[in-house]
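Chain identifiers are assigned alphabetically (A, B, ...) following the order of the sequence lines, protein sequences preceding nucleic acid strands; residue numbering begins at 1 within each chain. Both backbone and side-chain heavy atoms feed into the values below; hydrogens, waters and symmetry mates do not.
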Protein chains: 2
Amino acid sequence: MNETAPTRQARIKQKSAARRERSKQETRQAILEAAIQMFQREGYEGFSLRQVAENIGYTPTTIYLYFKDKDDLLFAVCSQGFTEFTQALQHAYDTHPDPGERLNALAWAYLEFGLSHPLHYQMMFMQRSEWVLRASDSKNEVQNSNSYTIQLNAVVEAMKAGVIRLGDPVETTNLLWSGIHGIVSLALNMKGVIPKWDETEVRQLVGQYTEMMARGLRP
Amino acid sequence: MNETAPTRQARIKQKSAARRERSKQETRQAILEAAIQMFQREGYEGFSLRQVAENIGYTPTTIYLYFKDKDDLLFAVCSQGFTEFTQALQHAYDTHPDPGERLNALAWAYLEFGLSHPLHYQMMFMQRSEWVLRASDSKNEVQNSNSYTIQLNAVVEAMKAGVIRLGDPVETTNLLWSGIHGIVSLALNMKGVIPKWDETEVRQLVGQYTEMMARGLRP
DNA sequence: TGACAATAATAACACTGTAAAGTAGATTGG
DNA sequence: CCAATCTACTTTACAGTGTTATTATTGTCA
């Protein structure tokens, strides 16, 4: 309505609002960090809203001012995992120009993420896998920067380069992803259940896996 | 102390005890069946002792007379899944004498079990995988009839027959298991997340998988 | 200053698993 | 047959959980 230049009061109001917004984001962040810490300690099943609140000196209900509900907070924890995961894959992608080595590098990066973030991995891909979509949506990385697409691109380019046989790239990507996911998820779950299944054996298995994939997919 | 023949009273007492024991097993079974039904409906997270009790007209605490705690009841539900799973693999093993086809048949049987018992599969191999060991212990199938050993035997014989290259059978088994487990677990979790991931596509992928494994492991 | 919005805390509800104590009825020994 | 015992079960209670509605405190704005 008022089209004249902003008055001093208007400017102050704006900055004040900005400051309050910033403060709000800060406490939101504090809650989130406490939640992450708690998740690292207690895992998915032991994660408790009330304990998170207690750890940072808030009443449980206060959390609801910053997150819709427990799921929403847990998703925020998860989301950070997705970001790191994508970054790890992206880094592997970027630092390996050769299409063949690139596929291997992606598999290794995948493995390393799983082994170093076991709880996150389980939540992201085993307990709440619906969130994969929501995570890439909320970071508008739908188009070409989500973790799935990174792997898909690597497959496409490996096909172009003649490193692996031609075929439906989506199917091949799913095949490769399934394989490495199987190894990682069993590695996290089956310690002491499968014979020969400590961390070094798992790494060795990934070595065999990439070799075998290379042979199996050769043009 | 008394070494004479058992008196009538002693015989009656014994039969009475037997009858009570039988009745006890019956209500235990009733609880277990209600638990299975409830698990099918609500899944792992929604499974509630109190609701199980209510469904069969008991007080929650009564269940503790037949099962140590919630975990114990849930394990009993799980255990039945392990039995069926092992039977399915054993059947695939027995009905396919050819070592090469046998490996494929095991993969297919594995897939079918997962697709037809999604909740059980997730509990058995993703949520409570520690129970794999406890399950084979409690059925004294440790030696040569548990599901892992079935797959291991198939690998050993495929190596003997020259169908797949020689190598550490345990490692090869782990490799094959990882692969099919990866496909199954993603199939159960990632509906609507991965492109092209309905049931028929998953089956097709298993086809590709077995093909690729055959090529990759050729001597 | 008074209306108002934001932030936090209290109280309460409906659940959960689980332990201790109590109770009606069948079983048993004399 | 009767009192003692034992068994199967319930009642009660506790310490948790996520979540909502209500209230109190605070700082911002006209």
**Request:** Please report, rounded to the nearest Å, how far the P atom of D/dA8 is from the CD atom of B/E26.
**Result:** 13 Å
**Item:** Length of the line joining A/Y58:OH and C/dT10:P, which is rounded to integer Å
**Value:** 14 Å
**Request:** Any pair with a residue in residues 27-44 of chain B that passes side chain to side chain donor-acceptor pair (under 3.5 Å), sequence neighbours left out, goes on the list, sorted by first then second residue, please.
**Result:** B/T27-B/Y66, B/Q29-B/E33, B/Y44-B/R128
**Prompt:** Quick one: B/I31 CD1 to C/dG17 C1', roughly how many Å, whole number?
**Reply:** 15 Å
**Request:** Please state how far atom NZ in B/K24 lies from atom C1' in C/dA26, giving the value in whole angstrom units.
**Result:** 15 Å
Side chains of residues 188-199 of chain A: which donor-acceptor pairs under 3.5 Å do they make with residues two or more places apart or in other chains?
unit_1	atom_1	unit_2	atom_2	d
A/N189	OD1	B/S129	OG	3.2
A/N189	ND2	A/S185	O	2.9
A/K196	NZ	B/D168	OD2	2.4
A/W197	NE1	A/L186	O	3.0
A/D198	OD1	A/T200	N	3.2
A/D198	OD1	A/T200	OG1	3.0
A/D198	OD1	A/E201	N	2.9
A/E199	OE2	A/R203	NH2	2.8

**Asked** Can you tell me how far P of C/dA8 sits from CZ of A/R28, to the nearest Å?
**Response** 14 Å
**Request:** Output all residues satisfying side chain to side chain donor-acceptor pair (under 3.5 Å) with A/Y209, sequence neighbours left out; order by chain, then residue number.
**Result:** none
**Sequence-distant partners of A/F75, ring-ring contact (aromatic ring centres under 6.0 Å, His included), two or more places apart** = A/W131
**Request:** Indicate the ring-plane relationship of A/H181 and A/W177, choosing parallel, tilted or perpendicular according to the 30° and 60° boundaries.
**Result:** perpendicular
**Message:** Under the rule for side chain to side chain donor-acceptor pair (under 3.5 Å), what residues qualify as partners of B/Y58, not counting sequence neighbours?
**Reply:** none
**Request:** Round to a whole Å and report the spacing from CG of B/L49 to P of D/dG16.
**Result:** 19 Å
What are the atom names and distances for every N/O pair under 3.5 Å that joins the protein to nucleotides 12-15 of chain C?
none

**Asked** Quick one: side-chain contact (heavy atoms from CB on, under 4.5 Å) partners of B/T95, sequence neighbours excluded?
**Response** B/H91
**Prompt:** salt bridge (Lys or Arg N to Asp or Glu O under 4.0 Å) with A/D72: which residues, sequence neighbours excluded?
**Reply:** A/R134
**Stretch residues 62-74 of chain B: residues that reach within less than 4.0 Å of DNA chain D through a heavy atom** = B/T62, B/L65, B/Y66
**Message:** Expressed as a whole number of angstroms, how long is the span from B/Y44:OH to C/dT16:P?
**Reply:** 16 Å
